[in-house]
Amino acid sequence: MVRRRLVSGCMGKRIVKTSVLDDGILDRVSASRLAKVLKGRRVRSVERIGKQLFVEMDGGGILTIHLGLTGDVECLETGAKNGRWARLSLQFDDATELAYSDLRKFGAIGITDSIEAFVADRKLGPDALMITEDDFVARVSAHRKGIKAVLLDQHVLAGVGNLYADEALFQARIHPLAPASGIQSRRLRVLHRLLQEALSASIAVETDFERLPSGYLLRARRKGGPCPRGNGYLVSIVAAGRTTILCPRCQRSPRSLEEKVH
DNA sequence: GAGTATGTTATATG
DNA sequence: GCATATAACATACT
């Protein structure tokens with residue numbers, strides 16, 4: 001969704017000025033080098049792998065953008081207000097700008113020469129929306145840790161966040177702590193499909209979860225919220241170090257976990 | 001003041 | 001070295 005916004009907002013435009021308002025969001029690049037690399041360049045394309053965005057420039061140089069937890073990009077008229085969390089602005093030759101804002105500053109902006117090199121360096125797995133069913137099953141089942149931790153591991157596959165891992169596991173009726181390597185491959189195939197559906201659905205509604213169909217966990221994702229299937233109430237646990245919301249009746253814990261408790 | 005938050009990564013542990 | 005778990009990061013809000 002953000003990629004599309006960038007495509008429509010900056011494609012073909014030439015950068016005339018780069019303003020770094022807070023260099024805390026810069027990753028392995030100085031404000032001066034960033035400005036130098038981008039000056040005079042024209043935006044050729046915008047790509048995405050997982051949560052990572054790549055703004056490719058004519059004549060080389062690729063701007064890398066990761067939104068972290070609270071990052072956002074907008075295309076505005078130059079000088080338009082962009083709030084107290086504005087961190088970076090790229091001004092174009094047509095009096096518009098790409099404005100990056102980020103409350104918590106967990107985002108990262110940098111420069112690379114090639115997407116392939118960047119991906120190899122960060123060891124990013126295949127994009128969650130592009131990965132084939134077979135590759136998904138092979139990669140996920142290669143790990144013994146809890147299935148949710150595997151889904152969130154950007155090295156296994158890229159693009160699944162905490163909320164979407166919860167959603168896909170709820171849809172597939174799989175407990176988040178179930179060891180990934182112990183899940184039947186036909187259940188993983190179902191999970192693959194449901195994960196891609198959940199991600200696509202979220203993009204389709206621009207992450208406005210209220211617009212999702214009623215069966216979605218994301219609409220009621222809070223401790224004590226109603227199970228979308230009407231099977232009681234949702235509970236909260238910690239999985240992979242993250243808040244995890246699940247329905248204990250739909251997502252039964254596997255036998256191996258029951259034994260741990262006893 | 002305490003607790004929590006949609007992500008990644010460095011560090012600790014076994 | 002490998003797999004996994006946890007802390008740390010910066011900031012606002014309940």
Side-chain angles (χ1 to χ4, degrees), chain A residues 1-3 20-29 48-54 64-73 82-88 100-110 112 118-125 127-129 139-170 176-183 195 198-199 201-203 205-212 216-225 234-246 256-257 260:
Chain A
M1 202 61 231
V2 175
R3 188 187 75 84
V20 177
L21 309 172
D22 186 327
D23 59 15
I25 50 108
L26 295 184
D27 183 33
R28 308 180 201 187
V29 67
R48 179 191 67 79
I49 297 177
K51 304 169 188 174
Q52 188 68 52
L53 291 160
F54 302 92
T64 64
I65 302 177
H66 193 298
L67 303 180
L69 223 47
T70 54
D72 195 21
V73 286
N82 189 33
R84 62 203 273 211
W85 301 300
R87 310 296 184 193
L88 174 83
Y100 178 79
S101 65
D102 193 342
L103 185 161
R104 286 172 70 182
K105 296 196 279 186
F106 282 10
I109 288 178
T112 187
F118 183 94
V119 168
D121 182 49
R122 310 297 170 101
K123 300 183 170 61
L124 284 181
D127 183 89
L129 276 172
R139 285 174 161 268
V140 168
S141 60
H143 299 263
R144 241 177 305 179
K145 56 184 171 182
I147 179 67
K148 173 157 176 182
V150 176
L151 293 179
L152 290 178
D153 187 340
Q154 305 297 302
H155 306 119
V156 177
L157 70 165
V160 182
N162 196 27
L163 302 180
Y164 302 104
D166 279 3
E167 180 66 55
L169 291 171
F170 169 77
L177 295 175
S181 56
I183 301 174
L195 174 64
L199 292 170
S202 174
I203 292 171
V205 301
E206 302 169 68
T207 72
D208 178 358
F209 299 148
E210 294 303 310
R211 289 162 56 197
L212 289 169
Y216 274 83
L217 178 74
L218 288 170
R219 294 183 47 156
R221 187 185 174 278
R222 62 182 179 280
K223 187 181 358 177
L234 304 174
V235 301
S236 173
I237 65 171
V238 173
R242 313 294 303 281
T243 297
T244 299
I245 304 291
L246 67 119
S256 57
L257 293 177
K260 267 187 200 167

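Numbered from 1 within each chain, the chains take letters A, B, ... in sequence-line order.
Put simply, CG on A/D102 is 17 Å from P on C/dC9, counting in whole angstrom units. Rounded to an integer number of Å, the gap from A/L103 CG to C/dC9 C1' is 14 Å. Rounded to an integer number of Å, the gap from NZ of A/K123 to P of B/dT9 is 11 Å. At whole-Å resolution of the value, NE2 in A/H155 and C1' in C/dC2 are 14 Å apart. The separation between A/R139 atom CZ and C/dA3 atom P is 13 Å, rounded to whole Å. Going from atom CG of A/L67 over to atom P of C/dA10 covers 19 Å, rounded to whole Å. The CD1 atom of A/I147 sits 17 Å away from the C1' atom of C/dA5 (whole-angstrom rounding). The CG atom of A/L177 sits 13 Å away from the C1' atom of C/dA5 (whole-angstrom rounding).
Taking atom P in both B/dT11 and C/dA10, the straight-line distance is 15 Å, to the nearest Å. Spacing of C1' atoms, B/dT8 relative to C/dC13, comes out at 23 Å, to the nearest Å. Here, B/dG3 and C/dA7 have their P atoms 14 Å apart, quoted to the whole Å. A gap of 16 Å separates the P atoms of C/dA8 and B/dA2, to the nearest Å.
With a 3.5 Å limit on both pairing distances and Watson-Crick or G-U wobble geometry required, the stems of 3 or more pairs in DNA chain C span B:2-5 with C:11-14, B:7-14 with C:2-9.
Counting only distance, with no hydrogens or angles, the side chain of A/R211 and the backbone of A/V205 share a donor-acceptor pair below 3.5 Å. Of the possible polar contacts, none joining the A/Q154 side chain to the A/G125 backbone as a donor-acceptor pair under 3.5 Å is found. Remark: the backbone N or O of A/G50 is paired with a side-chain donor or acceptor of A/D127 at under 3.5 angstrom.
Cation-pi geometry between A/R104 and A/F106 is met: under 6.0 angstrom from the ring centre, within 45 degrees of the axis.
In summary, the side chains of A/Y100 and A/D102 do present a donor paired with an acceptor at a separation below 3.5 Å, with no hydrogens or angles considered. A donor-acceptor contact closer than 3.5 angstrom is absent between the side chains of A/D72 and A/S101.
A salt bridge between A/D166 and A/K148 is present, with a side-chain N of the basic residue lying under 4.0 Å from a carboxylate O of the acidic one. Salt bridge annotation for A/D121-A/R28: present, with a cationic side-chain nitrogen under 4.0 angstrom from a carboxylate oxygen.
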Would you tabulate the nitrogen or oxygen pairs shorter than 3.5 Å linking the protein to nucleotides 2-7 of chain B?
from, atom 1, to, atom 2, distance (Å)
B/dA5, OP1, A/T243, OG1, 2.6
B/dA5, OP2, A/T243, OG1, 2.7
B/dA5, N3, A/R104, NH1, 3.3
B/dG7, OP1, A/K51, NZ, 3.2
B/dG7, OP2, A/N162, N, 3.2
B/dG7, OP2, A/R242, NH1, 3.3
B/dG7, OP2, A/R242, NH2, 2.8

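Note on A/R84: only backbone sugar-phosphate atoms sit closer than 4.0 angstrom, heavy atoms only; bases stay farther off.
At C/dA10, none of the side-chain N or O atoms of A/W85 fall inside 4.0 Å of OP1 or OP2 (strictly under the cut-off).
A/Y216 has its ring centre no less than 6.0 Å from the ring centre of A/F209.
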